2 protein chains.
Amino acid sequence: MAKVSMRDVASRAGVSVGTVSHVVNGSSKVSEATMLKVNDAIEELGFVRNAAARQLRSGRSSSLGLVVLDASNPFFASVAHGALEACDVAGLSLLLGDSGTDEARESKYLDLFAEQRVNGLLVTPSGADLSKLESIASKGTPVMLVDRAPGDFALSSVTVDNVAGGRMALDHLIAGGSSAPIFVGGPLSLPQVADRYAGARDRAREAGIELPLFESSEMTILAGRDVGERIVSLPEAQRPDAVFCANDLLAVGVMQAVIMFTELRIPDDLAIIGYDDIDYALSTIVPLTSVRQPAGLLGRTAVETLLAENESSATAHCDQMFTPELVIRESTRPV
Amino acid sequence: MAKVSMRDVASRAGVSVGTVSHVVNGSSKVSEATMLKVNDAIEELGFVRNAAARQLRSGRSSSLGLVVLDASNPFFASVAHGALEACDVAGLSLLLGDSGTDEARESKYLDLFAEQRVNGLLVTPSGADLSKLESIASKGTPVMLVDRAPGDFALSSVTVDNVAGGRMALDHLIAGGSSAPIFVGGPLSLPQVADRYAGARDRAREAGIELPLFESSEMTILAGRDVGERIVSLPEAQRPDAVFCANDLLAVGVMQAVIMFTELRIPDDLAIIGYDDIDYALSTIVPLTSVRQPAGLLGRTAVETLLAENESSATAHCDQMFTPELVIRESTRPV
DNA sequence: CGTCAATATTGAAACGTTTCAATCGGAATG
DNA sequence: CATTCCGATTGAAACGTTTCAATATTGACG
């Protein structure tokens, strides 16, 4: 066990502790010669700086906290991945928390991270009440909401524009000639789903068509397959010519039902468009057109914005909204 | 910004700093009355203990480091999830690192975590040379390899028995009546793939049959589809009656090729079995039989073992190997 | 050779805890 | 009333840095 402190390095190199600190941090001019001596001593002794001590003395911490709803969900995994990239270039460590959409656990992580005096907090909150986060932010720890709008709370956020995404999807379907599209997604209590539907319905109305809602119980492949079975069993006159699904998993489920139970051709008889553009989207039987959400970018931007806010110690809150991007593949008709 | 220290709490409560510490940590008997006073003061002032200071003084850290190959990969996301659960019960924080299978980045995280004086390190190493990890471990920081055997290096590990998993898969195929199975997977330089193949081939030989290898370039759906196309274009006499894929993504790809290009029925004409049992496995068109790897358990066990080793400060290294589990669905013939 | 400025180096005081020997105040005992 | 003992409390010394005013060293210049 190496318990080597700057004191040891200093005495080995024949200089003072202050000088060692300067060498290690480049905080002040040090002559070529002493620098060499000190670096040699560090090498020989295997000195490793003590983050706790430096943080205590300097007051600056070198870590960020990230609390997600479910670390094993690919979307959040990508968010974490992106956040990590940004931390990397800033030389920061990332503390990970997983609330499992449980407010108590979320709160526990918040407390834990407060003790660590993290430089900032990235949180996808579980509940509707963000007052604890607000109070943390007002005490000086920058807080950034991820994939969640702040509503009335005074917090910064990084989100993706779900209304625009919904509109985008319908735009594409209509341009491809669809005159009887439907929307699949749910529950509508999820703000993300509600917004996507709202955007899509608006665009449909502009074209003078309705956008019937086929609500799903959750956002999984199986739920999508259930809805798909409902769709294919409709009388032919009521059958849609296009389906917009609130995420890719639903779209995959719908596609499976269509292929298993009908002879309908995709996209000729029925176009399908998903949302998220997960990795599996381009690997479905008929490659899936999808509205891409930049999960990694979300994480990276959250970190960068937080750091920038920290820098400028601006008190103003900043809401950053990304515009999703349409990725056209073979499950929809070309325009 | 609340900068409240124990000193502030102490003076507010009219006691000494030491007493506050005892109240906060329950480290020594404190009378009911003072305890109340102190807790009141803490509440009023909004005191939060400073992890850096306590770590510096006590020498004990309260965090673990986890370095994975790719944080956005669902397998590692689950590992992280499991590790987090175990940290949770132990009251530890988890620092996350993502090497992207780059040894330099891995090394950078190792250094970063060394500065943080983490209580232990969980690592899925990128390269073959584990001497840096070995040296870290010998300096006193417990290191646990995750999903990777230590080979000749003196390190503890938590893995899943890939040989047994491969054997298990073939066992099931043969029991279902297969007489001409093949193996799909690659590159064989991945120890995981090589072991699965070895186990499967052994079992096949015991039954007096060969297990031809269809090597894939990587372990993705697309690579699987490529191999699938090769398989379906074989002359009928050479066509296998069962396919064992080194992971589920490959299996999905093979399945897609079979459904797209042939009239073969799964499992009657061709059985397919995958590996990992990812969430999507039960959502494929024909639900996929798979050899389940307990990713979450892997992470959780890694943390628990590491903590236990830490406790006992045992110098002996411990290799823990899980046995995978066969999950039978409709893509294989029942026995 | 003396002086001055510039540049390198030093020393010591924090930072907020934990920890432990020392002290205090009572209650119980003789 | 003096003593002993015991639990509750205190005070101060670390822990390993950073930081900054103060000092030492150097080189250039007159």
Side-chain angles (χ1 to χ4, degrees), chain A residues 1-39 41-42 45-63 91 112 114-119 140, chain B residues 1-39 41-42 45-63 91 111-112 114-119 139-140:
Chain A
M1 179 63 165
K3 268 179 71 84
V4 183
S5 75
M6 279 193 176
R7 171 136 65 250
D8 303 319
V9 174
S11 77
R12 169 77 163 226
V15 299
S16 76
V17 190
T19 303
V20 176
S21 175
H22 288 137
V23 171
V24 168
N25 302 307
S27 48
S28 158
K29 276 251 109 4
V30 180
S31 78
E32 198 76 14
T34 47
M35 196 147 144
L36 211 69
K37 278 190 301 184
V38 171
N39 279 327
I42 288 177
L45 267 40
F47 166 74
V48 176
R49 3 174 235 202
N50 185 319
R54 70 194 329 233
Q55 168 174 343
L56 172 57
R57 168 59 228 210
S58 69
R60 286 184 296 273
S61 117
S62 61
S63 55
L112 197 55
E115 289 190 4
Q116 310 273 2
R117 299 288 192 274
V118 291
N119 260 343
Chain B
M1 180 63 168
K3 269 178 72 84
V4 183
S5 75
M6 279 194 176
R7 171 135 67 249
D8 303 319
V9 174
S11 77
R12 169 79 164 226
V15 299
S16 76
V17 191
T19 303
V20 176
S21 175
H22 288 138
V23 171
V24 168
N25 302 308
S27 48
S28 157
K29 277 246 100 32
V30 179
S31 77
E32 198 76 14
T34 46
M35 195 145 142
L36 211 70
K37 279 191 299 183
V38 171
N39 279 328
I42 288 178
L45 267 41
F47 166 75
V48 176
R49 357 175 241 203
N50 185 319
R54 70 195 329 233
Q55 168 174 344
L56 172 58
R57 169 58 228 212
S58 69
R60 286 185 296 274
S61 118
S62 61
S63 55
D111 292 341
L112 198 57
E115 290 189 2
Q116 310 272 2
R117 299 288 191 275
V118 291
N119 259 343
K139 287 207 190 79

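Throughout, protein chains are lettered first and strands after them, A, B, ... in sequence-line order, and every chain is numbered starting at 1. Note that these values count all heavy atoms, side chains included, but never hydrogens, waters or copies made by symmetry. These figures come from a predicted structure and were not determined experimentally.
Rounded to the nearest 0.5 angstrom, A/K29 NZ and A/M35 CE are separated by 8.0 Å. Note that CD of A/Q116 is 8.0 Å distant from CD of B/Q55, once rounded to the nearest 0.5 Å.
The minimum heavy-atom distance linking B/L56 with A/A52 is given by the pair N-CB, 4.2 Å. The two residues B/A41 and B/A13 make their nearest non-hydrogen contact at CB-CB, 3.9 Å.
Within the nucleic acid shown, B/S27 has no heavy atom closer than 4.0 Å to any nucleic acid atom.
Listed by residue number, B/V15, B/S16, B/T19, B/H22 are the residues of residues 15-26 of chain B with a heavy-atom contact under 4.0 Å to DNA chain D.
Protein chain B touches strand DNA chain D; the 5'-most and 3'-most nucleotides with an atom under 4.0 angstrom of its non-hydrogen atoms are D/dA8 to D/dG16.
At least one side-chain heavy atom of A/R49 sits less than 4.5 Å from a side-chain heavy atom of A/N25. The shortest distance between side-chain heavy atoms of B/R117 and A/V48 falls below 4.5 Å.
Applying the side chain to side chain contact (heavy atoms under 4.5 Å, CB included) test between A/F47 and each of A/D8, A/N39, A/V9 identifies A/V9 as the sole match.
Across the interface with DNA chain D, nearest-nucleotide mapping of B/A53 and B/M35 shows B/M35 to be the residue nearer the 5′ end. If you find the closest nucleotide of DNA chain D to B/T34 and to B/L56, the one lying nearer the 5' end belongs to B/T34.
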Would A/V24 and A/I42 count as a side-chain contact (heavy atoms from CB on, under 4.5 Å) here? Give the steps.
CA-CA 9 Å; A/V24 168; A/I42 288 177; 4.0 Å; yes
